[in-house]
Amino acid sequence: LILLQNMQNEQQYPNLRTANTLIRGTLITGQVKIAIDIFNKMRTEWKNKGYPIYGDDSTYDYILGVLSQNFDLSRLLKVYATIKRKDANPQYSLHISRTAALLGKNKIVKTYMGKFDEACKNYQSNFIDYTATTGGRRGRKLGEIGDARYNSRQRFVNHQIEDMKIQMKAISNYINVNKTNKIKLDH
């Protein structure tokens with residue numbers, strides 16, 4: 001993050017890819033405070049300096065992942081509320097459901113399981129539409145890719161959905177077995 005500070009000292013601000021890389025790094029290392037600082041700077045400080053960075057699917061997936069790792073359900077819900085396209089990625093609801101389940105907040109789990117199911121129904125078409133209009137996450141615009149790339153991406157998305165459904169089923173099983181248990185946190 002020294003590089004980030006040096007950039008700001010020279011009135012240079014990161015683009016979306018750099019900001020996402022930094023947030024993803026905090027997800028890997030579990031540095032929640034730094035992730036939140038970067039995310040907040042994207043939306044406020046850098047925006048006010050004329051370098052607005054609007055988060056994309058990756059940004060929200062990473063920040064929700066960091067908050068989930070930290071069992072910060074309150075912030076998870078606040079960040080989720082700011083997402084314009086909540087159905088763009090079922091992973092969002094999965095992060096919240098996982099955290100809520102471990103904290104014994106079964107009503108929240110059930111709410112976000114419903115949102116997850118709805119997002120799964122829309123995910124594939126939203127993913128394709130999103131990348132078609134923006135070149136978005138891991139893709140070029142559809143007109144720029146060949147059939148092999150398109151088919152590969154569709155298979156990847158289908159696999160991703162199935163993997164998320166397996167995780168959500170595990171969460172469902174967990175809350176059914178552990179109806180009264182919850183993790184006790186020190187913070």
Side-chain angles (χ1 to χ4, degrees), residues 19-36 38-39 55-131 134 136-139 150-187:
N20 281 346
T21 300
L22 292 169
I23 294 172
R24 184 169 185 269
T26 65
L27 173 64
I28 293 167
T29 60
Q31 296 174 304
V32 177
K33 184 180 179 334
I34 294 171
I36 292 167
I38 293 168
F39 184 70
D56 65 2
D57 185 40
S58 294
T59 310
Y60 287 103
D61 187 14
Y62 300 151
I63 195 70
L64 292 173
V66 169
L67 295 171
S68 179
Q69 284 180 354
N70 198 49
F71 299 102
D72 194 341
L73 186 58
S74 174
R75 272 203 192 131
L76 266 168
L77 295 171
K78 286 177 187 171
V79 170
Y80 181 84
T82 70
I83 299 171
K84 288 184 171 66
R85 293 190 55 183
K86 292 174 178 58
D87 65 347
N89 190 339
Q91 185 73 34
Y92 303 159
S93 298
L94 184 61
H95 288 306
I96 294 169
S97 296
R98 181 183 304 117
T99 303
L102 292 171
L103 295 174
K105 307 288 185 182
N106 294 350
K107 186 175 179 182
I108 293 173
V109 175
K110 290 178 181 173
T111 298
Y112 284 87
M113 282 180 155
K115 292 176 188 276
F116 172 83
D117 289 339
E118 186 62 29
C120 281
K121 290 176 190 170
N122 298 321
Y123 184 55
Q124 188 168 13
S125 63
N126 285 342
F127 183 85
I128 304 241
D129 290 346
Y130 180 71
T131 57
T134 66
R137 189 175 194 176
R138 307 209 200 320
Y150 177 83
N151 291 336
S152 172
R153 185 172 22 204
Q154 273 196 311
R155 282 191 299 275
F156 172 75
V157 169
N158 289 338
H159 171 75
Q160 200 176 28
I161 290 169
E162 289 309 310
D163 183 57
M164 286 187 275
K165 285 181 178 180
I166 290 168
Q167 292 177 56
M168 191 59 86
K169 179 72 174 161
I171 292 167
S172 178
N173 291 341
Y174 177 84
I175 66 168
N176 288 331
V177 171
N178 298 292
K179 292 185 183 197
T180 59
N181 295 338
K182 61 182 177 180
I183 293 177
K184 306 271 193 263
L185 300 175
D186 293 333
H187 60 24

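Remember, predicted model here, so these are calculated numbers, not experimental data. Values below: all heavy atoms of this structure, side chains included; hydrogens, waters and symmetry mates excluded.
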Colleague: Sequence neighbours left out, what passes side chain to side chain donor-acceptor pair (under 3.5 Å) with Thr111? Give chain and number order.
Modeller: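 By the side chain to side chain donor-acceptor pair (under 3.5 Å) rule, Thr111 matches no residue at all.
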Colleague: With rounding to the nearest 0.5 angstrom, report the CD1 to CD1 distance, Ile34 to Ile23.
Modeller: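 These two atoms lie 11.5 Å from each other.
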Colleague: Side chains of Thr59 and Asp56: is there a donor and an acceptor less than 3.5 Å apart?
Modeller: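 The answer is yes; a qualifying pair exists.
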Colleague: Identify, with sequence neighbours excluded, every residue that meets side-chain contact (heavy atoms from CB on, under 4.5 Å) alongside Ser152.
Modeller: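 Here the qualifying residues are Arg155.
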Colleague: Could you grab the distance from atom CG of Asp163 to atom CD1 of Ile166, nearest 0.5 Å is fine?
Modeller: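 Reported value, rounded in 0.5 Å steps: 6.0 Å.
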Colleague: Can you give me the closest heavy-atom contact between Phe116 and Lys165, atom names plus distance?
Modeller: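 That closest heavy-atom pairing would be CZ-N, 3.8 Å.
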Colleague: Can you tell me how far OH of Tyr92 sits from CG of Leu76, rounded to the nearest 0.5 angstrom?
Modeller: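 Leu76 atom CG to Tyr92 atom OH measures 13.0 Å (nearest 0.5 Å).
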Colleague: Any side-chain heavy-atom pair from Thr26 and Val32 closer than 4.5 angstrom?
Modeller: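 A side-chain contact under 4.5 Å is absent here.
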Colleague: Kindly determine whether Phe39 and Val79 satisfy side-chain contact (heavy atoms from CB on, under 4.5 Å), including the steps that lead there.
Modeller: CA-CA 10 Å; Phe39 184 70; Val79 170; 4.0 Å; yes
Colleague: Can you sort out the partners of Lys107 under salt bridge (Lys or Arg N to Asp or Glu O under 4.0 Å), two or more places apart, ordered by chain and number?
Modeller: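 Here no residue qualifies.
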Colleague: Quick one: CG on Leu77 to CG on Leu64, what's the gap to the nearest 0.5 Å?
Modeller: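 Nearest 0.5 Å value for the CG-CG distance: 9.5 Å.
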Colleague: Rounded to the nearest 0.5 Å, how far apart are CE of Met168 and CD1 of Ile161?
Modeller: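 Answer for the CE-CD1 pair, Met168 versus Ile161, is 13.0 Å.
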Colleague: Looking at every non-hydrogen atom in both residues, tell me the closest pair between Phe71 and Leu103 and how far apart they are.
Modeller: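 Looking at all heavy atoms of both residues, the closest pair is O-CD1, 3.7 Å.
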Colleague: Which atom names give the shortest non-hydrogen contact between Gln69 and Gly30, and what distance separates them?
Modeller: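 In this case the closest contact between Gln69 and Gly30 is OE1-CA, 3.9 Å.
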Colleague: To the nearest 0.5 angstrom, please state how far the OH atom of Tyr60 sits from the CG atom of Asn20.
Modeller: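 With rounding to 0.5 Å, OH (Tyr60) is 10.5 Å from CG (Asn20).
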Colleague: Indicate the atoms forming the closest heavy-atom contact of Ile108 with Ala100, along with that distance.
Modeller: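 Nearest pair, atom of Ile108 first, then Ala100: CG2-CB, 3.7 Å.
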Colleague: Going by the rule side chain to side chain donor-acceptor pair (under 3.5 Å), which residues pair with Asn173 if we only count those two or more places apart in sequence or in a different chain?
Modeller: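 For Asn173 there are no side chain to side chain donor-acceptor pair (under 3.5 Å) partners, ignoring immediate neighbours.
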Colleague: How would you list, by chain and number, every residue that makes a ring pair (Phe, Tyr, Trp, His ring centres under 6.0 Å) with Tyr112, sequence neighbours excluded?
Modeller: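 Scan of Tyr112 (ring pair (Phe, Tyr, Trp, His ring centres under 6.0 Å), adjacent residues dropped) gives Tyr80.
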Colleague: Report the residues that fulfil side-chain contact (heavy atoms from CB on, under 4.5 Å) with Arg98, sequence neighbours left out, ordered by chain and then residue number.
Modeller: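 With sequence neighbours excluded, Arg98 shows a side-chain contact (heavy atoms from CB on, under 4.5 Å) to Ser68, Gln91, Leu94, His95, Leu102, Gln167, Ile171, given in chain and number order.
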Colleague: Which heavy-atom pair separates Ile38 from Ala19 by the least distance, and what is that distance?
Modeller: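 Nearest pair, atom of Ile38 first, then Ala19: CG2-O, 4.2 Å.
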Colleague: Return the minimal non-hydrogen interatomic distance between Thr99 and Asp72, and the atom names on each side.
Modeller: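 Result for this residue pair: CG2-N, 4.3 Å.
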